[in-house]
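Okay, so here's the structure we're looking at.
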Amino acid sequence: MMRQITIPQDPYSLWQAGHHKDSFQALDRDIEVDVSIIGGGVTGLTFAYVLAKKGLKVALIEADQLLSGTTGYTTAKVSSQHGAIYQKLIKQFGERHARLYYEANEMALTFIKETIEEEQIDAEFETKDALIYATSTDYAKVIEKEAKAYERLAINGILEEGDVGLPFKVKKALRLKEQAQFHPVTFFRGLISTILQNGGQIFEDTRIKTVKGTDEPKAITTNGHTIASKHCIVSTHFPINDKTGLYFTRLHAERSYCLAVKPSSPLPDGMSLNIEPGGTSLRTATSPEGDPLLLIGGAGHPAGKNEDSQFQSYEELRQFAEKWFGVEAIPYRWSSQDLITLDSLPYIGQNVAGETHTYVATGFGKWGMTNGVAAALLLRDKILGEDQDNPYHELFDPMRSKVKKTDITSFIKENTGVAKEFVKGKVQSSDKSLSDLGPDEGAIVKYNGKQAGAYKDKEGNTHIVSTTCTHMGCSLNWNDAERSWDCPCHGGRFSHKGDVLEGPPVKGLERLD
C-alpha cells in the first residue's frame, strides 16, 4: 500500500526558509522626515527604495518584521496575466484603461528585472510563460473571450488547447510569453542596503495607531511616538486609516493556500492558473537545499468564513498534487490573505478628499508582485511632481467617481455579507467547555458564563481571549491551520494570544486568562 505523504503541522513559507533576517529597532522617539511609509511589504520597500535613491529622507515603519505579511507568503508570480481580467476591464472601463492596466503591470515587471541587474540581487528570477486555462466547456468560452480582449488591446497572447505542457488535457488555454517568477523575500530584502546607504530609516515592531493632518501628516504609534512628514503612504495591505476612506466597505479579503511539493514526476514548464472555481495555480521553485519544487496554490475562500477546517484546504491541494504529479515530500505549507476591490482595480493614490499628502495603496487582487511595485512607482511620480502627464493616476484613483452598476451590486453584496456575519456572531453560542479541548486545539467555548475563544497549546497551556474583533466588533472564528482568530467581516486576524496579525485592527484582543 502506498504511503500517504503528510502535510506539515506548522505553516512555514518557502520564501522565509534559510533566509537571514535583518533586524531593526522599534521606534522609541519622535522623528521628522520627508516621507513616512507605513508597511514593510512589496509596496513599502519599493517605495522607500525609489525615493531614497532620489535623495528624499524616508522612514519605513513596520508593525512586525519586514516581509512578514502577504509579500513573504505569496506564490510570487511576476505577471501581467491576472486571470481572465481584461475582458472585464474593457467592459467596465473601456479599451484605453484596460490597456493602461496591462502597461502598468508590464512596467513593474521591467522594473523588477532591471533592479535585479542593477543591484546584483540573486533573486532566482526566471523568465517564464504564463498560462490561464479551463477544463470545462463553459469556462473555455471565457478563455476565448479573453483571447479576443487580448487582440483588442494588442497583447500578444496565444490561444491553445489540448496538450499545453500540463499532465492533463485542457479545453482552452491562453498563453502570455515573457512573464517571470522569482524569490520575493530575496528580491525585496536586496533593496534594504540601498535604502540605508541613502539615509533611509527602518523601524520594526512599531505599530501605527492613526495618521492625522492634511498638509503635514503625522503618523502616531501605539506607544505615542510621532512621525511627522511632508507625505505619508499607507501600504499596510488593509489600510489602518480605513474609516476615513471607508475602505472596509469597499474591500473584501480572500484567503488562499499553497503547498511546496517535491513531485515524483517531471515539473511542468512555465506558470499556470485554472480560472474555474476552485482552480489551482502552479509554478516551479527551488528549495534551500537545491531540490526542485512545485508550488501548488488555491483552495481559497473569503477570509474567516470557511465552514470546514482550514486545514482541509491544504488537503485539497495535496490530493491534486498526488493525482497529477505524485508526491515524494511536502516540505512547506503556507497561506496568505489578499484584498479585492469592488471593480477589481487597486486603490492607489490620495486617501480621501482633503488629505492631499496622505496616500494609500491597497486591493491588489492576488497580484501584488506587479500591482504593488506599480503602486510604488506611480506614487513616486506623484510625490516628485512628475505625474502631470501620467495616465495611470485616474485609473487607480481611490476616489474614482465613475461607479458602475456592477460596483454598486458588489458594494451591496459585500456589506450585506458583513451585516449577516455581525448578527450571526452575536447570536451563535457554543456548548464546548475548556475541558473539551485537546492539545493544539482551539474553539469558541463557554468561560465564566460567557462566550470566549480558547486555544490549548501543545504543552497543555490554555490561552483565552475575547472573540470580538477590535476593528468594528464582529465575532471571530478559529483558524485551525494557522492557529489564529480570524474576522469574517473585514479580514482582521489575531494570534491565539490575541496579538494583531493583519488586517485593519490596530488593537489586540482582550485576554481573559
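All figures in this text were calculated on a predicted structure; none of them were measured in a lab.
- Distance alone, capped at 3.5 Å, places no donor-acceptor pair between the T74 side chain and the T71 backbone.
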Given the rule in the side-chain contact (heavy atoms from CB on, under 4.5 Å) test, do Q451 and T467 qualify, once you have shown the distances and angles that lead to the verdict?
-> CA-CA 8 Å; Q451 184 171 283; T467 55; 4.1 Å; yes
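- With 3.5 Å as the limit, one finds no donor-acceptor pair spanning the side chains of S256 and K366.
- By the 4.5 Å heavy-atom criterion applied to side chains, K446 and S433 are not counted as neighbours.
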Going through the distances and angles, do L378 and F396 end up as a side-chain contact (heavy atoms from CB on, under 4.5 Å)?
-> CA-CA 10 Å; L378 299 183; F396 296 114; 3.5 Å; yes
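- Annotation: side chain of P268 is in contact with side chain of F325 (closest heavy-atom distance under 4.5 Å).
- Among H252, H237, H471, the single residue meeting the ring-ring contact (aromatic ring centres under 6.0 Å, His included) criterion with H490 is H471.
- Panel note: side chain D343, backbone L345; a donor-acceptor pair is recorded below 3.5 Å.
- The salt bridge (charged side-chain N to carboxylate O under 4.0 Å, His left out) check on E315 picks up R318, with sequence neighbours excluded.
- Taking the centre of each ring, F168 and W324 come in below the 6.0 Å mark.
- One finds no salt bridge joining R207 and E502 here, because no Lys/Arg side-chain nitrogen approaches an Asp/Glu carboxylate oxygen to under 4.0 Å.
- Annotation for Q319: atom CD counts as buried by contact number, over 12 foreign heavy atoms lying within 6.0 Å.
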Can you list the steps and then say if C474 with C489 is a disulfide (SG to SG under 2.5 Å)?
-> CA-CA 7 Å; C474 290; C489 293; 2.1 Å; yes
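- A salt bridge is defined here as a Lys NZ or Arg NE, NH1 or NH2 lying under 4.0 Å from an Asp or Glu carboxylate O, and R511 with D499 fails to meet this definition.
- Nearest heavy-atom pair across A454 and L434 is CB-CD2, 3.5 Å.
- The side-chain heavy atoms of I220 and I208, taken from C-beta on, include no pair separated by under 4.5 Å.
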Please walk me through it: do T43 and V373 pass side-chain contact (heavy atoms from CB on, under 4.5 Å)?
-> CA-CA 6 Å; T43 303; V373 168; over 6 Å; no
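- Considering only heavy atoms from C-beta on, H496 comes within 4.5 Å of W478 through its side chain.
- Between the side chains of T75 and R283, no donor N or O sits under 3.5 Å from an acceptor N or O.
- From L259, atom CG reaches atom CG of L294 across 9.5 Å, with rounding to the nearest 0.5 Å.
- With hydrogens and angles disregarded, no donor-acceptor distance shorter than 3.5 Å links the side chain of S281 to the backbone of L273.
- F47 CZ to L379 CG: the interatomic distance, rounded to the nearest 0.5 Å, is 5.0 Å.
- Closest approach of W334 to W15, counting heavy atoms only: CZ2-NE1, 3.9 Å.
- Ring planes of F188 and F182: perpendicular class, angle over 60° (limits at 30 and 60°).
- In this structure a side-chain-to-backbone donor-acceptor pair under 3.5 Å is present from E276 to T135.
- A salt bridge between K212 and E355 is absent, with no side-chain N of the basic residue lying under 4.0 Å from a carboxylate O of the acidic one.
- Checked against ring pair (Phe, Tyr, Trp, His ring centres under 6.0 Å), Y314 has the following partners two or more places apart in sequence or in another chain: Y257, F311.
- Across Q16 and G72, no two heavy atoms sit closer than the pair NE2-CA, 3.7 Å.
- Shortest non-hydrogen contact noted between L66 and R189 is O-NH2, 3.4 Å.
- Summarising the geometry, atom OH belonging to Y455 is positioned 11.0 Å from atom OG belonging to S495; distances are rounded to the nearest 0.5 Å.
- When each of I37, V33, I192 is paired with L60, the side-chain contact (heavy atoms from CB on, under 4.5 Å) condition holds for I37 and for no other.
- The shortest distance between side-chain heavy atoms of F494 and L501 does not fall below 4.5 Å.
- In this structure a side-chain-to-backbone donor-acceptor pair under 3.5 Å is missing from E482 to P11.
- In this structure, OG1 in T286 is found 9.5 Å from NE2 in H183, a value given to the nearest 0.5 Å.
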Could you walk me through whether D457 and H463 pass the side-chain hydrogen bond (donor to acceptor under 3.5 Å, both in side chains) check?
-> CA-CA 8 Å; D457 62 29; H463 308 270; 3.1 Å; yes
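- A donor-acceptor contact shorter than 3.5 Å links the side chain of Y247 to the backbone of N351.
- Atoms CG and CH2, on N477 and W485 in that order, are 8.0 Å from each other to the nearest 0.5 Å.
- The main-chain N or O of G491 is found under 3.5 Å from a side-chain atom of Q337 such that the two form a donor-acceptor pair.
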Verdict with supporting geometry, C258 and R333, side-chain contact (heavy atoms from CB on, under 4.5 Å) = CA-CA 6 Å; C258 187; R333 72 164 174 96; over 6 Å; no
Kindly determine whether N105 and S80 satisfy side-chain hydrogen bond (donor to acceptor under 3.5 Å, both in side chains), including the steps that lead there.
-> CA-CA 5 Å; N105 282 276; S80 303; 5.5 Å; no
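- Remark: side-chain polar atoms of S484 are not paired, donor with acceptor, to backbone N or O of D486 under 3.5 angstrom.
- Atom CG of residue D30 and atom OG1 of residue T221 lie 8.0 Å apart, to the nearest 0.5 angstrom.
- Of all the heavy atoms in G39 and S235, the pair that sits closest is O-OG, 3.3 Å.
- Other residues, nucleotides and ligands contribute more than 12 heavy atoms inside 6.0 Å of the CG atom of D10.
- Screening K456, K458, K432 for a salt bridge (Lys or Arg N to Asp or Glu O under 4.0 Å) involving E441 leaves a single residue, K432.
- In this structure, the side chains of K77 and Q181 stay at 4.5 Å or more apart for every pair of heavy atoms.
- Inter-residue side-chain proximity for Y49 and T115 is flagged as met; some heavy-atom pair is nearer than 4.5 Å.
- The existence of a salt bridge linking R483 and D440 is confirmed by a sub-4.0 Å separation between a basic side-chain nitrogen and an acidic carboxylate oxygen.
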Please walk me through it: do S309 and D480 pass side-chain hydrogen bond (donor to acceptor under 3.5 Å, both in side chains)?
-> CA-CA 7 Å; S309 160; D480 64 337; 2.4 Å; yes
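- Formation of a donor-acceptor pair under 3.5 Å by the T206 side chain with backbone atoms of L27 is found in this model.
- Distance alone, capped at 3.5 Å, places no donor-acceptor pair between the E254 side chain and the G300 backbone.
- When all heavy atoms are compared, the tightest approach of M271 to S79 is CE-CB, 4.4 Å.
- No side-chain heavy atom of V327 sits under 4.5 Å from any side-chain heavy atom of K262.
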